[in-house]
Number of protein chains: 2
Amino acid sequence: MKRATPPSCPMEALLRLITGPWTIYILWVLSEQGPQRFGELKRAVPGISTRMLTERLRMLQRAGVVWRKQAQTIPPAVTYGLTDRGKELRSVLDSLGEVAQRWQAEGTFELAPVSGRQLNGP
Amino acid sequence: MKRATPPSCPMEALLRLITGPWTIYILWVLSEQGPQRFGELKRAVPGISTRMLTERLRMLQRAGVVWRKQAQTIPPAVTYGLTDRGKELRSVLDSLGEVAQRWQAEGTFELAPVSGRQLNGP
DNA sequence: ATTATCAGTTACTTTTTTGTGCCTACTTTC
DNA sequence: GAAAGTAGGCACAAAAAAGTAACTGATAAT
């Protein structure tokens, strides 16, 4: 049956963006290591499949968070990087990571997902 | 086959927590409206199923973000609320919402999920 | 001459997640 | 005396997400 679609929230889009497996990992690599080519990125995010990487990048691109530059050479060379918007996002991730680390340091943060999906992040 | 499990990230647990449908919505209601009983909460989060609400609350509870007080009356009365840790999380959500609203105001933030799961938030 | 590289795309399969409906057991209300 | 509310639990089915493998097309290297 259809999935319930409750009223939308100002954060919904943003969360839909950074949510989902690999996404933050990708953003992280991109902001730490700078613009990368597809293959580099794939190697930098160990375990990700081509399909997933493509999909996530397309999503981030559509959201205007990541740019894509394609050189019409053979073989093709495609480079991805963070847009200005993407860098704004980075600051959010930083503050998120801050709390995460604080909690981790306190050590009391146990997390046994019941039905939580895998997140796959760095 | 098994899902790929790449190296873990300091933010993984935190993201796994606030990720997933309804979760932020629930946290939001709890922090805006204060402690609530199960039924109230369910009505405050329109469209959520009993199963989902229970599951999310259990998860948040295990993470120490939400407390649960059960009155052994008949019928039973169970109340949920944010712990101190949960309130810390709130500040993160606030800053997240800040960026979200800014982007929304700019209007350039389009988001057509390719294979993004539903997030279901307020 | 076969193979590898690049950046994907497509189709197919499996795994995970979510919704639905039915049940509890007692009390208060219509 | 039947119905509704309370806080869920359980089993089953549907839907969505992610993995896998095979394919693209031209070139460069072995």
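Source: prediction; values computed, not measured. Proteins get letters first, then strands, A, B, ... in listed order; numbering begins at 1 in each.
Put simply, the side chain of B/Thr54 does not reach to within 4.5 Å of the side chain of B/Arg51, judged on heavy atoms. Put simply, the side chain of A/Leu96 does not reach to within 4.5 Å of the side chain of A/Ile24, judged on heavy atoms. A 4.5 Å side-chain heavy-atom check between A/Leu89 and A/Leu17 finds at least one atom pair inside the cut-off.
Here B/Ile26 contributes atom CD1 and B/Ile18 contributes atom CD1; the two are 13.0 Å apart, rounded to the nearest 0.5 Å. With values rounded to the nearest 0.5 angstrom, A/Thr23 atom OG1 is found 10.5 Å from A/Leu93 atom CG. Atom CD of B/Gln104 and atom CD of B/Glu106 lie 11.0 Å apart (nearest 0.5 Å). Atom OG1 of residue A/Thr50 and atom CD of residue A/Glu55 lie 12.0 Å apart, to the nearest 0.5 angstrom. Once rounded to the nearest 0.5 Å, the distance linking OH of B/Tyr25 with CH2 of B/Trp28 reads 11.5 Å.
Under the side-chain hydrogen bond (donor to acceptor under 3.5 Å, both in side chains) criterion, A/Glu88 pairs with B/Arg102, B/Trp103, not counting sequence neighbours.
Regarding A/Glu55, its CD atom lies at a distance of 15 Å from the P atom of C/dA11, rounded to whole Å. The interatomic distance linking A/Leu53 (CG) with D/dA18 (C1') rounds to 14 Å, in whole Å. Between A/Ile48 atom CD1 and D/dA17 atom P the separation is 16 Å, expressed in whole Å. Atom CD in B/Gln72 sits roughly 17 Å away from atom P in D/dT6 (whole-Å rounding). Residue A/Leu41 contributes atom CG, which lies 10 Å from atom P of C/dA7 at whole-angstrom precision. In this structure, the NZ atom of A/Lys42 is 12 Å from the P atom of C/dT5, given to the nearest Å. C/dT14 atom C1' lies 14 Å from atom CE of A/Met52, rounded to whole Å. The distance from atom CE of A/Met59 to atom P of D/dA16 is 17 Å, rounded to the nearest whole Å.
Applying the 4.0 Å criterion to OP1 and OP2 of C/dT18, one finds that B/Ser49 has every side-chain N and O outside that range.
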Sub-3.5 Å pairs of nitrogen or oxygen atoms, protein against nucleotides 28-30 of chain C:
none

Between the protein and nucleotides 7-12 of chain D, which nitrogen or oxygen pairs are less than 3.5 angstrom apart?
from  : atom 1 : to      : atom 2 : distance (Å)
D/dA7 : OP1    : B/Arg37 : NE     : 3.0
D/dA7 : OP1    : B/Arg37 : NH2    : 2.7
D/dA7 : OP1    : B/Val78 : N      : 3.1
D/dA7 : OP2    : B/Gly39 : N      : 3.3
D/dG8 : OP1    : B/Arg58 : NH2    : 3.1
D/dG8 : OP1    : B/Arg68 : NH1    : 2.4
D/dG8 : OP2    : B/Arg68 : NH1    : 3.3
D/dG8 : OP2    : B/Tyr80 : OH     : 2.6
D/dG8 : O3'    : B/Arg58 : NH2    : 3.4
D/dG9 : OP1    : B/Arg58 : NH2    : 3.4

Short N/O separations, protein against nucleotides 26-30 of chain D, under 3.5 angstrom:
none

Side-chain donor/acceptor pairs under 3.5 Å, residues 39-46 of chain A, sequence neighbours excluded:
from    : atom 1 : to      : atom 2 : distance (Å)
A/Glu40 : OE1    : A/Arg37 : N      : 2.8
A/Lys42 : NZ     : A/Ile48 : O      : 3.2

Sequence neighbours left out, cut at 3.5 Å: what donor-acceptor pairs do the side chains of residues 76-83 of chain B make with other protein atoms?
from    : atom 1 : to      : atom 2 : distance (Å)
B/Tyr80 : OH     : B/Arg68 : NH1    : 3.3
B/Thr83 : OG1    : B/Gly64 : O      : 2.6
B/Thr83 : OG1    : B/Val65 : O      : 3.1
B/Thr83 : OG1    : B/Arg85 : N      : 3.4
B/Thr83 : OG1    : B/Gly86 : N      : 3.1

